[in-house]
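As structure tokens, the structure follows; a few thoughts come after it.
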Amino acid sequence: MAVHGGGYAVHELADVPWLAASDVVYWGDLDTHGFAILDRLRGRLPHVRSLLMDRGTVERWRDLAVPEASPAPHTPAHLTGPERDALAVVRTEGLRLEQERIPWPYVVAHLEAL
């Protein structure tokens with residue numbers, strides 16, 4: 001099952017009983033808000049894994065990024081090392097890499113690898 005949208009309301013998913021016992025994968029925009037949303041979700045569902053939320057993805061698709069107009073001031077507490085590294089890049093460089101800009105065959109290959 002895929003859930004699309006909702007942004008900062010994502011923490012409400014933690015109240016869905018069967019979701020807490022499910023394998024949950026989050027994939028959001030590679031910008032400060034996307035990482036803040038991941039952090040919020042993982043604060044409620046610690047087992048959440050991320051997809052393509054790493055520095056390698058930022059570096060690979062940097063040419064598709066645009067400037068992030070209003071970065072989130074959020075200080076994350078629940079990100080992994082690779083996620084923190086990617087957040088540092090997008091925050092320092094002021095980047096916003098929207099997930100839908102990443103070519104679908106690249107995404108599918110990573111989904112299949114899960």
Side-chain angles (χ1 to χ4, degrees):
M1 169 185 282
V3 178
H4 181 269
Y8 282 102
V10 74
H11 66 280
E12 294 178 13
L13 292 173
D15 295 331
V16 178
W18 61 265
L19 198 58
S22 298
D23 183 20
V24 180
V25 179
Y26 171 87
W27 177 39
D29 290 337
L30 287 129
D31 64 4
T32 59
H33 294 277
F35 285 104
I37 293 165
L38 171 58
D39 187 66
R40 178 179 284 192
L41 180 60
R42 195 173 282 141
R44 299 285 299 275
L45 296 173
H47 65 285
V48 169
R49 296 182 292 151
S50 68
L51 174 70
L52 301 175
M53 300 289 291
D54 56 71
R55 185 181 189 133
T57 302
V58 174
E59 299 294 342
R60 172 80 168 87
W61 303 106
R62 176 188 299 272
D63 61 319
L64 301 177
V66 297
E68 185 174 26
S70 57
H74 180 78
T75 302
H78 307 287
L79 298 183
T80 66
E83 293 160 356
R84 285 192 305 270
D85 290 345
L87 173 59
V89 171
V90 299
R91 181 171 278 155
T92 300
E93 299 183 26
L95 299 177
R96 173 180 169 80
L97 176 55
E98 296 166 311
Q99 66 195 77
E100 59 270 16
R101 290 178 170 255
I102 298 172
W104 194 240
Y106 184 83
V107 175
V108 169
H110 283 80
L111 280 170
E112 289 173 343
L114 287 176

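We count residues from 1, following the sequence as given. No hydrogens, no waters, no symmetry mates; every other heavy atom, side chains included, goes into these values.
Taking every heavy atom of both residues into account, L45 and A20 meet most closely at CD2-CA, 3.8 Å. The nearest pair of heavy atoms linking E83 to R42 is OE1-NH1, 2.5 Å. Of all heavy-atom pairs spanning G28 and M53, the tightest one is O-SD, 3.2 Å. Scanning all heavy atoms of the two residues, the minimum distance from V107 to I102 falls at CG2-CG2, 3.8 Å. In terms of heavy atoms, A86 sits closest to D54 at CB-C, 3.3 Å. Residue L64 comes nearest to P103 through the heavy atom pair CD1-CD, 4.2 Å, listed as atom of the first residue, atom of the second, then distance.
In this structure, W104 and W27 have tilted ring planes: the angle between them lies in the 30° to 60° band.
Inter-residue side-chain proximity for W61 and L52 is flagged as unmet; no heavy-atom pair is nearer than 4.5 Å. You'll find the side chain of D15 reaches within 4.5 Å of the side chain of R44, heavy atoms only. Side-chain contact between L95 and L30: absent, with no pair of heavy atoms (C-beta onward) separated by less than 4.5 Å.
Checking side-chain atoms of H33 against main-chain N and O of S70 turns up a donor-acceptor pair under 3.5 Å. In terms of modelled atom types and a separation under 3.5 Å, the side chain of E68 and the main chain of T32 share a donor-acceptor contact. A donor-acceptor contact shorter than 3.5 Å links the side chain of H47 to the backbone of S22. Listed for the D29 side chain is a donor-acceptor partner under 3.5 Å among the backbone atoms of Q99. Formation of a donor-acceptor pair under 3.5 Å by the Y26 side chain with backbone atoms of G34 is found in this model.
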Intermediate values then yes/no, side-chain contact (heavy atoms from CB on, under 4.5 Å), L51 and L111: CA-CA 8 Å; L51 174 70; L111 280 170; 3.4 Å; yes
Steps toward side-chain contact (heavy atoms from CB on, under 4.5 Å) verdict (V89, T92): CA-CA 5 Å; V89 171; T92 300; over 6 Å; no
L114 and R49: CA distance, side-chain angles, deciding distance, side-chain contact (heavy atoms from CB on, under 4.5 Å) verdict: CA-CA 10 Å; L114 287 176; R49 296 182 292 151; 3.6 Å; yes
Trace of the side-chain contact (heavy atoms from CB on, under 4.5 Å) decision for Y106 with R60: CA-CA 11 Å; Y106 184 83; R60 172 80 168 87; 4.2 Å; yes
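Rounding to the nearest 0.5 Å gives a distance of 8.5 Å between CZ of R91 and NE2 of H74. With values rounded to the nearest 0.5 angstrom, E93 atom CD is found 4.0 Å from R62 atom CZ.
In the hydrophobic clustering of this structure, V58 does not group with V66; members are Ile, Leu, Val, Met, Phe, Trp, Tyr whose side-chain heavy atoms approach within less than 4.5 Å, directly or through other members.
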